[in-house]
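The structure appears right after this line, and notes come after that.
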Amino acid sequence: MDTRKLKYFLAVVDHDGFNRAAEHLLIAQPSLSQTIAGLEKDLGVPLFHRIGRRAVLSEAGKELVGPARLVMRDLDAAQSAVQALRGVRSGRLDIITMPSPGIEPLTSMIAAFTELHPSVRLNVGAAFTPEEVIESVRTGSSEIGLAGSSTPIRVPGVHVLDLERQPLILIVNPQADTFSPGAAIQREDLGGHRLIASQRGSLMRWLVDDALARGVNTEIVVEVAHRTSILPLVLAGVGHAVMPSSWAPTAHKAGLRTLLIEPVSHLNVAILSRKDGLTPAATAFLQVAEQHTPGQPHPLLQ
């Protein structure tokens with residue numbers, strides 16, 4: 001098989017069907033269908049089930065997605081390496097991040113990276129759990145992943161560079177700020193207050209649930225999956241919010257007060273990557289990340 005067939009196959013996967021994939025590839029839909037049929041013939045198995053106008057991945061198709069992404073990624077790496085020898089510093093870098101690391105340290109790292117490599121285009125995707133980040137890096141959908149967890153992240157077969165530990169803070173609703181002056185509160189001080197909570201499974205939600213389990217009389221008034229809604233809700237007076245400290249600078253710029261919650265819980269933030277076969281852009285990004293942390297160098301950077 002040739003890489004063009006794999007590229008077309010992934011386009012159908014990523015664009016949820018043949019019509020949108022053909023539009024993205026700027027080819028006729030019958031030509032795309034013929035190419036996919038040729039790939040299926042090469043492999044001897046159907047890759048899609050045609051259900052009406054929909055194309056649903058078969059089991060064989062699901063198994064091909066990861067290896068196909070790795071082949072295309074390795075091809076990009078080879079092309080970028082050759083271009084780098086000619087002095088061309090372009091390309092694309094796919095990053096996936098959880099919400100809080102996506103504020104910091106990702107913002108600072110992107111700012112430093114784009115200053116050094118202005119011709120590289122970054123594509124930042126979203127994930128909500130460490131498992132989603134790990135899967136994206138393992139399958140090659142993303143080269144770089146940022147994840148946060150209550151414990152240090154360790155993944156067989158994936159390089160993990162620890163970046164920082166973000167303490168959990170309370171972003172204070174200015175319309176219900178009855179807390180004592182100072183920079184910290186105890187978890188028991190959340191009693192009698194209304195909270196905006198992240199979805200179950202997050203460290204922030206665990207702290208709230210733990211306080212409730214210990215008899216703290218607090219109330220979850222809103223549960224939010226999209227964390228971009230949290231600061232506007234606090235500003236609107238809906239409630240306080242428990243978040244990692246990466247949110248503090250933005251909260252302060254909005255005029256909100258933040259308090260450290262004791263005993264302190266930390267979000268452990270790490271950057272994940274494949275152990276080999278990275279594009280020059282990904283390697284350069286890891287060099288920027290290395291400046292952010294006192295951790296051990298990435299194997300490719302030693």
Side-chain angles (χ1 to χ4, degrees), residues 1-79 91-99 102 121-147 153 155-158 198-202 223-229 272-274 277-279 282:
M1 72 182 72
D2 58 50
T3 55
R4 179 180 63 93
K5 292 178 181 178
L6 293 179
K7 177 182 177 182
Y8 285 12
F9 165 72
L10 291 175
V12 177
V13 173
D14 293 338
H15 295 276
D16 296 322
F18 284 77
N19 289 335
R20 292 180 182 175
E23 292 174 1
H24 172 75
L25 295 167
L26 301 178
I27 63 173
Q29 194 269 340
S31 178
L32 174 60
S33 296
Q34 184 177 6
T35 300
I36 297 300
L39 179 58
E40 291 176 322
K41 183 178 180 181
D42 291 341
L43 296 173
V45 291
L47 299 174
F48 296 96
H49 298 303
R50 279 69 169 179
I51 303 176
R53 296 184 177 181
R54 298 178 58 222
V56 179
L57 278 170
S58 67
E59 288 302 313
K62 293 177 182 177
E63 290 296 322
L64 181 61
V65 171
R69 292 198 193 281
L70 292 177
V71 168
M72 299 308 296
R73 185 81 64 199
D74 290 342
L75 179 62
D76 288 343
Q79 292 173 336
R92 163 178 165 149
L93 175 59
D94 292 315
I95 300 172
I96 188 167
T97 181
M98 292 174 62
R121 181 164 66 93
L122 303 182
N123 177 55
V124 182
F128 290 96
T129 66
E131 290 74 22
E132 290 178 284
V133 175
I134 293 166
E135 180 67 15
S136 184
V137 171
R138 272 182 168 164
T139 62
S141 296
S142 304
E143 283 199 275
I144 300 293
L146 272 84
I153 299 171
V155 186
V158 174
S198 301
Q199 73 273 27
R200 292 187 183 277
S202 66
E223 183 176 296
V224 179
H226 297 288
R227 294 176 196 171
T228 51
S229 303
L272 285 65
S273 64
R274 290 163 56 190
L278 295 179
T279 62

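- In this structure, R50 is not positioned above the aromatic face of F48 in the sense of NZ or CZ being under 6.0 Å from the six-membered ring centre and within 45° of the axis.
- Between L47 and the choices V65, L39, V12, the side chain to side chain contact (heavy atoms under 4.5 Å, CB included) rule is met once, by L39.
- The number of heavy-atom neighbours closer than 6.0 Å to CZ of R20, taken from other residues, nucleotides and ligands shown, is 12 or below.
- Separating the OG atom in S136 from the CD1 atom in I95 is a distance of 11.0 Å, to the nearest 0.5 Å.
- Going from atom CG of L32 over to atom CZ of F9 covers 11.5 Å, rounded to the nearest 0.5 Å.
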Q. How far apart are the C-alpha atoms of V45 and E63, what are their side-chain angles, what is the distance that settles it, and do they pass the side-chain contact (heavy atoms from CB on, under 4.5 Å) test?
A. CA-CA 12 Å; V45 291; E63 290 296 322; over 6 Å; no

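- Of all heavy-atom pairs between P99 and A127, the closest is CD-O, 3.3 Å.
- Between the CE atom of M72 and the CG atom of L70 there is a distance of 11.5 Å, given to the nearest 0.5 Å.
- The number of heavy-atom neighbours closer than 6.0 Å to CD of Q199, taken from other residues, nucleotides and ligands shown, is above 12.
- Closest non-hydrogen pair, T97 versus G102, comes out as OG1-N, 3.2 Å.
- Rounding to the nearest 0.5 Å places CZ of R227 at 11.5 Å from OG of S229.
- Proximity of a side-chain donor or acceptor of Q29 to a complementary backbone N or O of N19 within less than 3.5 Å is not detected.
- Taking both residues in full, the closest heavy atoms of L93 and I144 are given as CD1-CG1, 4.1 Å, listed atom of the first, atom of the second, then distance.
- Listed here is the closest heavy atom pair of I153 and A147: CD1-CB, 3.6 Å.
- Residues L6 and A68 approach most closely at CD2-CB, 4.1 Å, considering heavy atoms.
- Ion pair E135/R138 not flagged as a salt bridge, since none of the NZ, NE, NH1 or NH2 atoms sits closer than 4.0 Å to an Asp/Glu carboxylate oxygen.
- Summarising the geometry of A28 relative to A22, their closest heavy-atom pair is C-CB, 4.2 Å, with the distance given to 0.1 Å.
- Taking 4.5 Å as the limit, every side-chain heavy atom of I96 sits out of range of all side-chain heavy atoms of S141.
- Put simply, the side chain of L75 does not reach to within 4.5 Å of the side chain of K7, judged on heavy atoms.
- No more than 12 heavy-atom neighbours from other residues, nucleotides or ligands sit within 6.0 angstrom of CZ on R54.
- To the nearest 0.5 Å, atom NZ of residue K5 and atom CG of residue L43 are 8.5 Å apart.
- R4 has its side chain out of reach of L25: every pair of non-hydrogen atoms, C-beta onward, lies at least 4.5 Å apart.
- A distance of 10.0 Å separates OG1 in T35 from CZ in F18, rounded to the nearest 0.5 Å.
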